[in-house]
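Beneath this line is the structure, given in structure tokens, with notes to follow.
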Amino acid sequence: MYYKSTRGGLNSISSAEAIKMGIAPDGGLFVPERLVKFSLDQINSLVELDYRERAVYILKEYLTDYSYDEIVECVNNAYSSDKFENPEIAPVIKLNENVSILELWHGPTCAFKDMALQILPWFLIKAVRKTNDDSEIVILVATSGDTGKAALEGFKDVGGTKIIVFYPQDGVSEVQKMQMVTQEGGNVFVVGVEGNFDDAQSGVKAIFTNKSLIEKMEKSNYKFSSANSINWGRLVPQIVYYFSSYADLVKEGEIKTGDKVNFVVPTGNFGNILAAYYAKEMGLPVNKLICASNENNVLTEFINTRVYNKNRKFVKTISPSMDILISSNLERLLYELTGHDSDVLNKWMKELADEGVYSIDIATGRKITELFWAGYSNEEETLKTIECIYDEYKYVVDPHTAVAIDVYDKYVISTGDITKTVIASTASPFKFNESVAKAILGEDKIRGKSEFELLKVLSDECSLKIPKGLRDLDKKTTLHNNFCSKSAMMAEVEKILKI
Ligand SMILES: *Cc1c(COP(=O)(O)O)cnc(C)c1O
């Protein structure tokens, strides 16, 4: 299997090279030259396998320059019982006759990013060796909260790598901040940046492309790579759990192999739902992919009107991991739907960069609405959904998952579709406990309490155990005290790497 860039400016490369580079030098994203197809018999053969075996079955088709044993090793390192608290790794919970919840947050940081960021480091160090490269890999991350911690956990003490995470001082929750500043590991660095996520993100982008810094890095045998969701090594592990959830529904007798299901995905950068699209194109029987947004509903508008317009107010919501106005992975979908037309893609992406807006042609727009249905949930609706789901099922959902459930309800009202549906649950309710406690217990009972006190309150109220990754977080020692201004980020990297 070979990979090319969506922007068309590159010869085909192996998966190891694509994973090592992260983003293509022409600014595009790496995509497989063709999609692997699975027959219903093959899908049926997944039913009796466990999560790790299912992962190997699928990953080996895309990472063909890795040996079978190497893939097994990566999978076993990533999805182990000391990393994931639930032995099923990504369990499927039946909510009612029509709806099941795919819980993707049993990893060390309690959000779905662990599903990919626990395995990416293993892919990456093997990729470096495979391409006869002896440089030390430096992972640079700008985070709005979840990615940073998940990447730190994934890369901590992985030989041959260092990881530097920049988080916006004003942009992350107390829990998220504590998770990062208490991070252990000999190769991890965490720095607070004055400003918001965009400041941190543009700072990191500037570092990645600074020629003189890259030269200095090379002299010291360092090379940058990215752990953001544009890296193919982060996308491909996400395909696995869509197949896995389908196999679980077959196993439980909820569906027969061949029956179609809907997937609902709370969406920000379009990575998670893109993996669901790939699963469908690979032969998984899918009816509709339902794209759920919060008030930053740029994708809802795009899917319904063919116009992508990021020129709008950025809203800070209670589902912050979806507070995003540029959904990078959409580029991959457009590449597939235009029949790999890099020329038209270059034009749209240039319009997006220059004007902040582009519109796609009618034929491509029609393909999108055949595959996807899109909606959004506002803050009030999201809180109401958390409350209703708890009242009705005694099941606790985080705000991102609640966005998905609310949008699914809107989908059913609008279409009357009763196809079995799987809703991707992307975070533990404990991770965003303030909003969850507010929705379930009311404003009065949470007033004046810190996020750490609320963990206990929520745990008692709902009779749920606080996940390992969040327990006693406030008692941990702060290990990272570094702060810098946006303009000092590059100097900070030089200081950390001693170059
Ligand atoms: C990152 C994240 C999302 C959005 O996923 P994308 O792949 O960026 O669309 C949704 N929910 C949570 C909790 C996340 O951390």
Side-chain angles (χ1 to χ4, degrees), residues 29 90 101-118 120 141-154 167 171-173 175-176 179-180 197 201 227-239 241-242 263-279 289-294 296-300 302-303 317-333 372 374 376-377 382 386 397-407 423-433 435-436 467 469-470:
L29 307 188
I101 307 276
L102 169 59
E103 293 183 348
L104 298 172
W105 39 262
H106 291 284
T109 78
C110 310
F112 99 99
K113 300 211 166 44
D114 289 328
M115 299 303 299
L117 278 166
Q118 279 299 316
L120 175 69
V141 181
T143 184
S144 58
D146 288 341
T147 303
K149 177 62 182 179
L152 287 164
E153 274 297 321
Y167 71 90
V172 300
S173 75
V175 163
Q176 287 175 324
Q179 276 190 311
M180 288 189 276
F197 172 62
Q201 164 126 303
N228 282 100
S229 70
I230 46 178
N231 192 321
W232 176 251
R234 250 189 83 175
L235 206 76
V236 66
Q238 297 181 348
I239 296 173
Y241 48 72
Y242 290 104
F263 285 109
V264 190
V265 186
T267 298
N269 217 6
F270 209 77
N272 201 0
I273 197 165
L274 183 75
Y277 160 78
Y278 278 138
L289 299 166
I290 299 162
C291 175
S293 300
N294 63 23
N296 295 292
N297 57 1
V298 58
L299 284 167
T300 314
F302 172 68
I303 289 173
T317 72
I318 54 170
S319 46
S321 305
M322 293 151 67
D323 291 347
I324 250 176
L325 293 180
I326 301 185
S327 299
S328 318
N329 272 298
L330 191 60
E331 180 167 345
R332 285 187 165 113
L333 178 73
F372 295 87
Y376 76 98
S377 181
T382 305
I386 298 174
V397 294
D398 95 291
H400 303 79
T401 308
V403 165
I405 295 174
D406 184 43
V407 169
I423 296 180
S425 175
T426 50
S428 156
F430 286 100
K431 187 147 196 188
F432 298 93
N433 57 58
S435 308
V436 176
L470 300 174

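Each ligand, and each atom within it, is numbered from 1 in the order the structure gives. In this chain, numbering begins with 1 at the start of the sequence shown.
Side chains of Asn269 and Asn329: no donor on one and acceptor on the other come within 3.5 Å.
Although no hydrogens or angles enter the test, the distance criterion places no donor-acceptor pair under 3.5 Å between the side chain of Lys149 and the main chain of Thr109. Under the 3.5 Å distance criterion, the side-chain polar atoms of Ser425 are left unmatched by any main-chain donor or acceptor of Leu102.
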Can you give me a line-by-line list of nitrogen or oxygen pairs between ligand 1 and the protein shorter than 3.5 Å?
unit_1: ligand 1; atom_1: 7 (O); unit_2: Gly271; atom_2: N; d: 3.2
unit_1: ligand 1; atom_1: 7 (O); unit_2: Asn272; atom_2: N; d: 2.9
unit_1: ligand 1; atom_1: 8 (O); unit_2: Asn269; atom_2: N; d: 2.7
unit_1: ligand 1; atom_1: 9 (O); unit_2: Gly268; atom_2: N; d: 2.7
unit_1: ligand 1; atom_1: 9 (O); unit_2: Asn269; atom_2: N; d: 3.2
unit_1: ligand 1; atom_1: 9 (O); unit_2: Phe270; atom_2: N; d: 3.1
unit_1: ligand 1; atom_1: 11 (N); unit_2: Thr426; atom_2: OG1; d: 2.8
unit_1: ligand 1; atom_1: 15 (O); unit_2: Lys113; atom_2: NZ; d: 2.5
unit_1: ligand 1; atom_1: 15 (O); unit_2: Asp146; atom_2: OD2; d: 2.7

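Considering CZ of Arg234 and CE of Met115, their distance stands at 12.5 Å, rounded to 0.5 Å. In this structure, Phe430 CZ and Asp398 CG are separated by 12.0 Å, a value rounded to the nearest 0.5 Å. Atoms CG and CE, on Asp146 and Met180 in that order, are 8.5 Å from each other to the nearest 0.5 Å.
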